[in-house]
A.B. asks: 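Quick one: structure below, then a few questions.
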Amino acid sequence: MPAYLSLADFKLRTVMPSGDVDAVEADTPGYTLARLTAQSAWIDARLRKRYAAPFVQPYPETILDWLTKIVTLEMYKKRGADPADQSIVDIKEDAVTAKAEIKEAADSEVGLFDLPLDDTIGATAIAHANPLSYSEAGPYEWPIRQAEAARRGR
């Protein structure tokens, strides 16, 4: 299964400077694409029960955003970063939030994320809601209503 982002797309989306991404790639060729592929597969594994994973192009922006945030943290770990740096703390929080949102999307019964649903799951998906109420008229209800309407002149 290919990654949802190419190396060029990742460079465009990440907050990590392109030079730092290139430095990681120069040190370990193919590392970025390997992490993008692995994390794409992880996202699919988490979401497969509820959503139509693996997703097809055009990929949902939410998936691409989650993937970028998770892999950006991995890239900083590979390159090396000062853990006290506030930007690294923010990047770590973004990755933790992305993973929590993926878990929420996978576990959610109310579907807070607009992702393509798996058509095989039937009535448990939001798009296939059941009626919230029903009415059961008795077998003699219609003649009574018809007589009342006739008396009122309808």
Side-chain angles (χ1 to χ4, degrees), residues 1-138 141-142:
M1 199 223 87
Y4 289 127
L5 290 173
S6 66
L7 180 59
D9 291 334
F10 176 74
K11 284 182 182 181
L12 181 66
R13 290 174 171 274
T14 186
V15 295
M16 185 178 213
S18 291
D20 290 347
V21 175
D22 292 337
V24 170
E25 278 297 303
D27 184 47
T28 311
Y31 178 79
T32 309
L33 192 56
R35 296 314 310 147
L36 288 166
T37 302
Q39 290 302 327
S40 295
W42 179 82
I43 290 170
D44 287 347
R46 287 297 293 205
L47 299 178
R48 188 170 288 123
K49 280 187 172 181
R50 180 171 177 80
Y51 299 104
F55 299 96
V56 295
Q57 287 186 341
Y59 303 124
E61 280 296 316
T62 306
I63 299 294
L64 301 178
D65 186 52
W66 288 336
L67 180 61
T68 301
K69 289 176 180 177
I70 293 168
V71 174
T72 296
L73 178 62
E74 291 185 9
M75 293 293 287
Y76 271 108
K77 286 180 180 179
K78 180 74 172 172
R79 187 202 66 150
D82 179 10
D85 183 5
Q86 184 59 43
S87 63
I88 299 302
V89 172
D90 293 343
I91 288 167
K92 184 176 182 180
E93 287 176 7
D94 287 346
V96 168
T97 300
K99 286 188 174 189
E101 287 177 353
I102 292 167
K103 184 177 181 188
E104 178 184 352
D107 293 342
S108 178
E109 289 188 20
V110 292
L112 298 176
F113 293 95
D114 187 18
L115 300 171
L117 289 173
D118 183 0
D119 291 334
T120 63
I121 60 177
T124 60
I126 299 166
H128 305 111
N130 291 325
L132 299 177
S133 65
Y134 82 104
S135 162
E136 187 174 307
E141 186 68 26
W142 71 270

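Predicted, not measured: the structure shown is a model, and the values here were computed from it.
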A.B. asks: Please list, one pair per line, the donor and acceptor atoms closer than 3.5 Å that link side chains of residues 29-38 to other protein atoms, with sequence neighbours excluded.
C.D. replies:
{"unit_1": "T32", "atom_1": "OG1", "unit_2": "E25", "atom_2": "OE2", "d": "2.7"}
{"unit_1": "R35", "atom_1": "NE", "unit_2": "E74", "atom_2": "OE1", "d": "2.5"}
{"unit_1": "R35", "atom_1": "NH2", "unit_2": "E74", "atom_2": "OE1", "d": "3.3"}
{"unit_1": "T37", "atom_1": "OG1", "unit_2": "L33", "atom_2": "O", "d": "2.8"}

A.B. asks: Which residues satisfy the side-chain hydrogen bond (donor to acceptor under 3.5 Å, both in side chains) test with S6, sequence neighbours excluded?
C.D. replies: D9
A.B. asks: Taking the side chain as every heavy atom from C-beta outward, state whether V71 and T14 have any pair of such atoms under 4.5 Å apart.
C.D. replies: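 The answer is no, as the side chains (C-beta and beyond) never meet within the 4.5 Å cut-off.
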A.B. asks: Keeping to residues at least two apart or across chains, list the ring-ring contact (aromatic ring centres under 6.0 Å, His included) pairs with something in residues 4-27.
C.D. replies: Y4-Y59
A.B. asks: Would you give the length of the straight line joining atom OG1 of T97 to atom CD of E104, rounded to the nearest 0.5 angstrom?
C.D. replies: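 It is 11.0 Å, given to the nearest 0.5 Å.
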A.B. asks: From D44 CG over to Y51 OH, what is the distance, rounded to the nearest 0.5 angstrom?
C.D. replies: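 It comes to 13.5 Å.
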A.B. asks: Could you list the residues that satisfy side chain to side chain contact (heavy atoms under 4.5 Å, CB included) with K99, not counting sequence neighbours?
C.D. replies: W42, I70
A.B. asks: For a 4.5 angstrom cut-off between non-hydrogen side-chain atoms, does D94 reach T72?
C.D. replies: no
A.B. asks: Is any side-chain heavy atom of I63 closer than 4.5 Å to one of L47?
C.D. replies: yes
A.B. asks: Nearest 0.5 Å, what's the CZ-CZ distance between F55 and R48?
C.D. replies: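 One finds 9.5 Å between CZ of F55 and CZ of R48.
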A.B. asks: Got a sec, which residues hit side-chain hydrogen bond (donor to acceptor under 3.5 Å, both in side chains) with Q57, two or more places apart in sequence or on another chain?
C.D. replies: none
A.B. asks: Salt bridge (Lys or Arg N to Asp or Glu O under 4.0 Å) with D65: which residues, sequence neighbours excluded?
C.D. replies: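 Counting only residues at least two positions away or on another chain, D65 forms a salt bridge (Lys or Arg N to Asp or Glu O under 4.0 Å) with K69.
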A.B. asks: What are the two closest non-hydrogen atoms of P2 and S40, and how far apart are they?
C.D. replies: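 Of all heavy-atom pairs spanning P2 and S40, the closest is O-CB, 4.5 Å.
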A.B. asks: When you look at L73 and K77, which way does the side-chain contact (heavy atoms from CB on, under 4.5 Å) test go after all the steps?
C.D. replies: CA-CA 6 Å; L73 178 62; K77 286 180 180 179; 4.0 Å; yes
A.B. asks: Compile the donor-acceptor pairs under 3.5 Å between side chains in residues 16-23 and protein atoms, sequence neighbours left out, one pair per line.
C.D. replies:
{"unit_1": "D20", "atom_1": "OD2", "unit_2": "R79", "atom_2": "NH1", "d": "2.8"}
{"unit_1": "D22", "atom_1": "OD1", "unit_2": "K11", "atom_2": "NZ", "d": "2.4"}

A.B. asks: To the nearest 0.5 angstrom, please state how far the OH atom of Y76 sits from the CD1 atom of I88.
C.D. replies: 5.0 Å
